[in-house]
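Atoms within a ligand are numbered from 1 in the order they appear, just like the ligands themselves. Note: hydrogens, waters and symmetry copies are ignored here, and every other heavy atom, side chains too, is used. Note that this is a predicted model, so its numbers are computed, not measured.
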Amino acid sequence: MSNHRTDWIQDEINKLKEAGLFNTIRTIDSPMDAWVKIDGRSLLNFCANNYLGLANHPRLRAAAQKAVDDYGVGPGAVRTIAGTMSLHIALENRLAAFKKADACISFQSGFTANLATIPALVGKGDVIFSDELNHASIIDGSRLSRAQIVRYAHNDVDDLRRQIEATTEYGRRLIVTDGVFSMDGDIAPLDKITDVANEYDIMLMVDDAHGEGVLGTGGRGIVDHFGLHGRVDVEVGTLSKAFGVVGGLVAGKQIIIDWLRQRGRPFLFSSAMTVPDVAACLEAVNILEESTDQVDRLWSNAAFFKKEMKNLGFDTGHSQTPIVPVVLGEAPLAQQFSRRLFDEGVFAMAIGFPTVPQGKARIRVMNSAAHSQSDLETALAAFERVGRNLGVI
Ligand SMILES: *Cc1c(COP(=O)(O)O)cnc(C)c1O
């Protein structure tokens, strides 16, 4: 068989490699935790979104194991056909209560939650006002909806107003924003955006993937952080980051959640979360409801790390969350920095253009409650050595 018809892929891959944009993926031979095993070495992990250290938590592991004994592993089919397990309903009810929302529905991931929600709310002839830095899954969900997409300047409420005023032909309207922007760790001004949504009577959706389990009282998310309960129509979240497992959720008005059970395509045409995932997430809710220890630890770790990095002379941007961008400049420098850190036993990812603007390449440090004080000190010492060595500080 001729291979010529797929030769273009090799050309594209070569182009990615030349541009330094080819993804090489590390293999982890251990649980996701503060330390991970890579190529036979133990490295301090600052790459995972495992904010609360739940990915390898003994209680989540035990809950998943027990649920497998009781319910097996798989959900069988999509929920509208095979029926839905009581476990999934329990998780949705517990998440709604945790987030003080009317109702909640779970999905296979945060990504599919966005693909379900946006096309269920708007379609052809409608308009979406979307922050220019919104996550890829919001962009894809918006495209799938076939609504017109109007981008507004990042976190700029005045520009949002201008775009709304300038858009005079529309059916239904939806404003959508990330809650936390994952590259800089800044938070959407959701209180002001809520005022705009009310003023113009536009549906409002926030994707709180990086705020779930992080922002608000005990990790209840961005709506709780701003005290906007009942005022944001729909809140998308993920169970794949702070919750330490995998899955997505949509919380909000009962009527919207009911509608998603009828019209959310990933709900209707893709199977539900698996049994161990759901059970582990339920245990995560238990842990978060019992105490704020993990969330407090995450924030104090991040505050310490940020302060010490600033003292060392690093540019750590303007993060308002436990995400710490260590801004270095051009992409090759960031990549070199990341490789040196790796040699020093610290696993931290370099991120360059086009994920972040040209000249703003960085190491992105994901803090976690799983890190001990001595872990942080070890990391800081490595950053200092590499930073001096490369002339960054
Ligand atoms: C990570 C992320 C997602 C995807 O969540 P998954 O559960 O990993 O699919 C969606 N939206 C935003 C803003 C994210 O940061």
Please could you name the atoms of ligand 1 that [X] approaches to less than 4.0 Å, counting only its heavy atoms?
X      : answer
Ser109 : 7 (O), 9 (O)
Ser240 : 6 (P), 7 (O), 8 (O)
Ser137 : 10 (C), 11 (N)

For the residue pair [X] and [Y], confirm or rule out a side-chain donor-acceptor distance under 3.5 Å.
X      : Y      : result
Glu283 : Asn286 : yes
Ser368 : Asn50  : no
Gln65  : Asp69  : no
Tyr200 : Glu165 : yes
Ser106 : Glu92  : yes

Check for me whether Gly247 has a heavy atom closer than 4.0 Å to any atom of ligand 1.
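In this structure, Gly247 qualifies as a contact of ligand 1 - some heavy atom is under 4.0 Å.
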Within residues 142-191 or reaching into it, pairs that qualify as ring pair (Phe, Tyr, Trp, His ring centres under 6.0 Å) - sequence neighbours excluded
His154-Phe181
Return each pair, listed once, that meets ring pair (Phe, Tyr, Trp, His ring centres under 6.0 Å) where at least one residue sits in residues 281-306; pairs must be two or more places apart or across chains.
Phe46-Phe305, Phe305-Phe383
Identity and distance of the protein heavy atom lying nearest atom 11 (N) of ligand 1:
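Looking only at protein heavy atoms, the one closest to atom 11 (N) of ligand 1 is Asp207 OD2, 2.6 Å.
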What residue and heavy atom of the protein are closest to atom 4 (C) of ligand 1, and at what distance?
Phe111 N, 3.7 Å
With distance as the sole test, does Ser142 use its side chain to make a donor-acceptor pair with the main-chain N or O of Ile138 at under 3.5 Å?
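Such a contact is found between Ser142 side chain and Ile138 backbone.
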Polar contact flag for [X] and ligand 1 (N/O pairs, less than 3.5 Å):
X      : value
Asp178 : no
Ser182 : no
Gly110 : yes

From Glu212, Lys241, His210 - option closest to atom 2 (C) of ligand 1 by heavy atom:
Lys241
Taking non-hydrogen atoms only, is Ala209 closer than 4.0 angstrom to ligand 1 via side chain, backbone, both or neither?
side chain
